[in-house]
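Read through the structure below, which is laid out as structure tokens, and then see the notes.
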Amino acid sequence: MSPAESRLECPLLPGLTLRNPLMTASGTYGAGLEGDQFGDVARLGALVTKTVTPHPRAGNPPPRIHETSGGMLNSIGLENPGVDAFLENDLARALELGPPIFLNVAGESHEEFASVVERVQGSGAAALEVNLSCPNVQGGALPFATDAKACEKLIADLVGISELPLFVKLTPNVTRITEIAQAAEAGGAQGLTLINTLLGLAVDWRRREARIGLGMAGYSGPAIKPVALRCIYQVRLVTQLPILGVGGVSSAEDVLEFLVAGASAVQMGTASFRNPLAALQVLEDLEDLLREDGSTVRGITGTMRLPGQAGTM
């Protein structure tokens with residue numbers, strides 16, 4: 001292993017070590033197939049697929065996307081061809097790209113989550129990202145991401161039927177995200193993904209209309225980075241589970257901030273809409289910054305302290 005590779009190496013779980021901490025974020029990069037047309041996605045630490053559900057979903061009515069000054073609202077509604085078609089087509093080709101694949105799965109009920117998790121066993125994915133937190137379905141109810149007891153029971157049941165490690169993706173749209181994170185851990189989750197989008201609204205005052213078909217939508221992009229950092233820091237204080245950090249990351253400096261705050265690896269999402277090569281370019285800058293600092297991904301992870309505070313987390 002070269003010094004650069006050693007510097008970037010990112011252990012998540014026993015038997016699951018990423019070559020670097022850069023991952024794509026679910027819903028922003030397909031299954032990596034489109035991105036591979038622009039650059040060598042095999043260099044990334046891992047690819048996260050868009051969400052797949054037990055049955056095909058047509059998604060929400062348009063308009064579905066609206067760009068704002070600090071980010072983007074989306075209301076895609078988990079549009080996907082269903083798990084069977086996804087495994088046969090997208091995933092089969094994505095596995096040939098090289099990086100570990102984190103397969104993002106979701107459902108609208110306990111039974112649907114169990115069904116899709118059971119179906120993807122043996123698929124070749126390295127791990128599952130269980131999406132409890134999409135705000136664009138069920139009217140934003142988020143039943144398993146806002147109720148600690150419901151979260152723990154669901155994850156316990158999914159762990160019981162999954163041979164793949166489960167990373168649970170949580171919402172920031174709660175009063176105490178630490179309680180939900182601890183519930184996921186109590187249920188047996190092997191990791192967490194923090195955070196999903198914030199709930200937002202854009203208004204066209206001249207038309208007296210919302211700019212998104214369903215009104216409210218998920219807000220992502222640079223403006224939510226401080227919220228994501230806060231959630232990661234709070235959750236890191238109460239659990240040692242690996243955390244996949246996501247929310248407004250667009251530079252190598254952002255990645256390092258997430259790692260120091262407590263993330264074990266970092267996903268990039270909205271930035272890829274503007275530049276499909278964003279994650280690959282950040283990867284180059286990341287190696288340079290770590291070399292200049294004389295540090296490693298493992299060495300800086302979770303080292304944040306408050307001003308004047310001795311030691312680290």
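Listed by first and then second residue, the side-chain hydrogen bond (donor to acceptor under 3.5 Å, both in side chains) pairs involving residues 36-47 amount to none (not counting sequence neighbours). Sorted by first and then second residue, the pairs that involve residues 205-217 and meet salt bridge (Lys or Arg N to Asp or Glu O under 4.0 Å), not counting sequence neighbours, are Asp204-Arg207, Asp204-Arg211. The salt bridge (Lys or Arg N to Asp or Glu O under 4.0 Å) pairs that include a residue from residues 7-21 are Arg7-Glu287, Glu9-Arg298, where partners are two or more places apart or lie in different chains. For residues 65-118, the set of pairs meeting the ring pair (Phe, Tyr, Trp, His ring centres under 6.0 Å) definition, not counting sequence neighbours, comprises Phe102-Phe167, Phe113-Phe144.
The closest donor-acceptor contact from the side chain of Asp90 to the backbone of Ala31 lies at 3.5 Å or more, if one exists at all. Not a single donor-acceptor pair under 3.5 Å links the side chain of Asn104 to the backbone N or O of Thr49. Of the possible donor and acceptor atoms, none in the side chain of Asn173 sits under 3.5 Å from a partner among the backbone N and O of Thr171.
Under the side-chain hydrogen bond (donor to acceptor under 3.5 Å, both in side chains) criterion, Glu152 pairs with no residue, sequence neighbours left out. Every residue meeting the side-chain hydrogen bond (donor to acceptor under 3.5 Å, both in side chains) condition with Asn131, not counting sequence neighbours, appears here in chain and number order: Thr51, Ser133, Asn196. In this view, Arg119 and Asp84 satisfy the salt bridge (Lys or Arg N to Asp or Glu O under 4.0 Å) rule, not counting sequence neighbours. Under the side-chain hydrogen bond (donor to acceptor under 3.5 Å, both in side chains) criterion, Ser250 pairs with Asp254, not counting sequence neighbours. Applying the side-chain hydrogen bond (donor to acceptor under 3.5 Å, both in side chains) test to Thr270 and every residue at least two apart in sequence or in another chain returns Ser220.
Asp293 contributes atom CG, which lies 7.5 Å from atom CD1 of Ile300 (distance to the nearest 0.5 angstrom).
Under a cut-off of 6.0 angstrom, the local environment of CD in Glu118 is sparse, with at most 12 non-hydrogen atoms contributed by other residues, nucleotides or ligands. When the shell of 6.0 Å around CZ of Arg274 is examined, it contains 12 or fewer heavy atoms from other residues, nucleotides or ligands.
Leu289 places a side-chain heavy atom less than 4.5 Å from the side chain of Glu253. Leu241 is not listed as a side-chain neighbour of Val168, based on a closest heavy-atom distance of 4.5 Å or more.
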Would you give me the side-chain donor-acceptor pairs under 3.5 Å for residues 185-193, sequence neighbours excluded?
residue : atom : partner : partner atom : Å
Glu185  : OE1  : Thr239  : OG1          : 3.1
Glu185  : OE2  : Thr239  : OG1          : 3.2
Gln190  : OE1  : Leu166  : N            : 2.8
Thr193  : OG1  : Glu129  : OE2          : 2.7

Table please: side-chain donor-acceptor pairs of residues 275-284 below 3.5 Å, with sequence neighbours left out.
residue : atom : partner : partner atom : Å
Asn275  : OD1  : Leu277  : N            : 2.9
Asn275  : ND2  : Gln281  : OE1          : 2.9

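Listed by chain and number, the hydrophobic cluster partners of Val246 come to none, as no ILVMFWY side chain reaches under 4.5 Å of it.
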